[in-house]
Amino acid sequence: MDSRRERKKQQTRRLISEAALKLFAEQGYEQTTVAQIAAAADVATKTFFNHFPSKEDVFFTDNAHYGSKIPIEVIATRHPDEAIPDLLTRAYEAAIGTYLSDGPGLDDPDMVAAYMSLIRSVPALQAKALHKAHEIQREVAAALLAAYPDELDPISAAALVGSVAGAAQAASLAALERGEGQEKMWEAMRRAIDIALHGLPKS
């Protein structure tokens with residue numbers, strides 16, 4: 001169980017993240033300063049830097065971005081005789097659950113749309129998102145390879161994880177571009193993961 005100090009730390013990180021996202025959406029990423037974020041979160045600027053190295057990093061909280069380490073943790077709990085597609089489905093379902101329960105602003109459809117819009121339109125954030133996505137995909141692929149050493153090699157593990165993560169991301173963006181709500185976006189991600197692992201359903 002998390003200590004009281006750790007819970008307080010996570011609460012502060014979340015508060016700063018939510019304040020930052022609201023300011024980014026209202027006045028633009030480039031126009032928002034660290035001092036403004038700290039003031040909106042009612043913390044000192046020093047406290048901001050105790051939690052985040054830069055303004056870019058505040059946009060990518062541990063829980064909000066790509067489910068953090070959740071898929072890796074789930075893969076480590078592989079059930080005996082659990083098939084690879086079943087385990088990956090379980091891992092990414094858990095990651096989506098983390099988005100829904102812990103992500104800053106994810107209970108507000110406007111904040112979700114703003115988050116995705118900023119990712120697409122701000123080069124610095126786009127580069128950071130891509131780097132973090134690839135970093136996590138490498139780690140998930142390594143965990144999957146360790147779980148199935150007799151069935152996978154590094155290339156096949158990377159291909160599986162890349163196809164699932166890429167499909168989920170592309171589907172979520174497509175749903176948002178169509179103006180669909182948050183619930184439809186998560187449905188699209190789940191459908192994309194299923195297609196990546198099992199192919200299109202037969203009619």
Enquirer: Where do A95 and I70 come nearest, in terms of heavy atoms and distance?
Expert: N-CG2, 3.7 Å

Enquirer: Considering only distance and modelled atom types, tabulate donor-acceptor pairs under 3.5 Å from the side chains of residues 152-163, sequence neighbours left out.
Expert:
from, atom 1, to, atom 2, distance (Å)
D153, OD1, I155, N, 2.9
D153, OD1, S156, N, 2.9
D153, OD1, S156, OG, 3.4
S156, OG, D153, N, 2.9
S156, OG, D153, O, 3.0
S163, OG, A159, O, 3.1
S163, OG, L160, O, 2.7

Enquirer: Quick one: ring-ring contact (aromatic ring centres under 6.0 Å, His included) partners of Y148, sequence neighbours excluded?
Expert: none

Enquirer: Could you tell me which non-hydrogen atom of L23 sits nearest to which non-hydrogen atom of A40, and how far apart they are?
Expert: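 Where L23 meets A40 most closely, the heavy atoms are CD1-CB, 3.9 Å.
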
Enquirer: In sequence, state the C-alpha distance, the side-chain angles, and the governing distance for H131 and K128, and then conclude on side chain to side chain contact (heavy atoms under 4.5 Å, CB included).
Expert: CA-CA 5 Å; H131 173 75; K128 188 85 169 182; 5.6 Å; no

Enquirer: Going by the salt bridge (Lys or Arg N to Asp or Glu O under 4.0 Å) test, which pairs reach into residues 134-147, not counting sequence neighbours?
Expert: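 Counting only pairs at least two positions apart or across chains, the salt bridge (Lys or Arg N to Asp or Glu O under 4.0 Å) contacts touching residues 134-147 are K69-E139.
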
Enquirer: Work out which heavy atom in S17 is nearest to a heavy atom in V58; give both atom names and the distance.
Expert: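 Residues S17 and V58, closest heavy atoms: OG-O, 3.6 Å.
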
Enquirer: Roughly how far, to the nearest 0.5 Å, is the OG1 atom of T12 from the CZ atom of F48?
Expert: 13.0 Å

Enquirer: How far apart are the closest heavy atoms of A146 and P149, and which atoms are they?
Expert: O-CD, 3.3 Å

Enquirer: Any salt bridge (Lys or Arg N to Asp or Glu O under 4.0 Å) involving residues 82-98? Give me the pairs, sequence neighbours left out, ordered by first then second residue.
Expert: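 Checked against salt bridge (Lys or Arg N to Asp or Glu O under 4.0 Å) - neighbours excluded - the pairs reaching residues 82-98 are E82-R90, E93-R190.
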
Enquirer: Residues sharing I195's hydrophobic cluster, by side-chain heavy-atom contacts under 4.5 Å among ILVMFWY, directly or via others?
Expert: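 I195 shares its hydrophobic cluster with L200.
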
Enquirer: With heavy-atom distances below 4.5 Å as the criterion, would you say the side chains of I84 and L87 are in contact?
Expert: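 Side-chain contact under 4.5 Å: no.
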
Enquirer: Residues two or more places apart in sequence or in another chain: which of them pass side-chain hydrogen bond (donor to acceptor under 3.5 Å, both in side chains) with R5?
Expert: none

Enquirer: I'd like to check the salt bridge (Lys or Arg N to Asp or Glu O under 4.0 Å) partners of K184; sequence neighbours left out, ordered by chain and number.
Expert: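 Only E187 meet the salt bridge (Lys or Arg N to Asp or Glu O under 4.0 Å) criterion with K184.
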
Enquirer: What's the separation between atom CD in E26 and atom CG in L21, rounded to the nearest 0.5 Å?
Expert: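 One gets 9.5 Å once the value is rounded to the nearest 0.5 Å.
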
Enquirer: According to the side-chain hydrogen bond (donor to acceptor under 3.5 Å, both in side chains) rule, which pairs have a member within residues 40-55, sequence neighbours left out?
Expert: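 As it turns out, the side-chain hydrogen bond (donor to acceptor under 3.5 Å, both in side chains) pairs with a partner in residues 40-55, which skip direct neighbours, are S54-D57.
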
Enquirer: Calculate, to the nearest 0.5 Å, the distance between atoms NZ and CZ belonging to K9 and R13 respectively.
Expert: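 So the NZ of K9 and the CZ of R13 are separated by 6.5 Å.
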
Enquirer: With sequence neighbours left out, write down each residue that passes side-chain contact (heavy atoms from CB on, under 4.5 Å) with L15, or none if nothing qualifies.
Expert: A41

Enquirer: In chain order, what residues pass the side-chain hydrogen bond (donor to acceptor under 3.5 Å, both in side chains) check against T32, with sequence neighbours excluded?
Expert: Q27

Enquirer: Is any side-chain heavy atom of F49 less than 4.5 Å from a side-chain heavy atom of V34?
Expert: yes

Enquirer: Please round to the nearest 0.5 Å and tell me the distance separating atom CD1 of I37 and atom CD1 of I16.
Expert: 9.0 Å

Enquirer: When rounded to the nearest 0.5 angstrom, what is the spacing between CG in L118 and CD in Q126?
Expert: 11.5 Å

Enquirer: Please list, chain by chain and in numerical order, all residues satisfying salt bridge (Lys or Arg N to Asp or Glu O under 4.0 Å) with E56, sequence neighbours excluded.
Expert: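 Salt bridge (Lys or Arg N to Asp or Glu O under 4.0 Å) check on E56 returns nothing, list empty.
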
Enquirer: For a 4.5 angstrom cut-off between non-hydrogen side-chain atoms, does V164 reach V140?
Expert: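 With C-beta onward as the side chain, the pair stays apart.
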
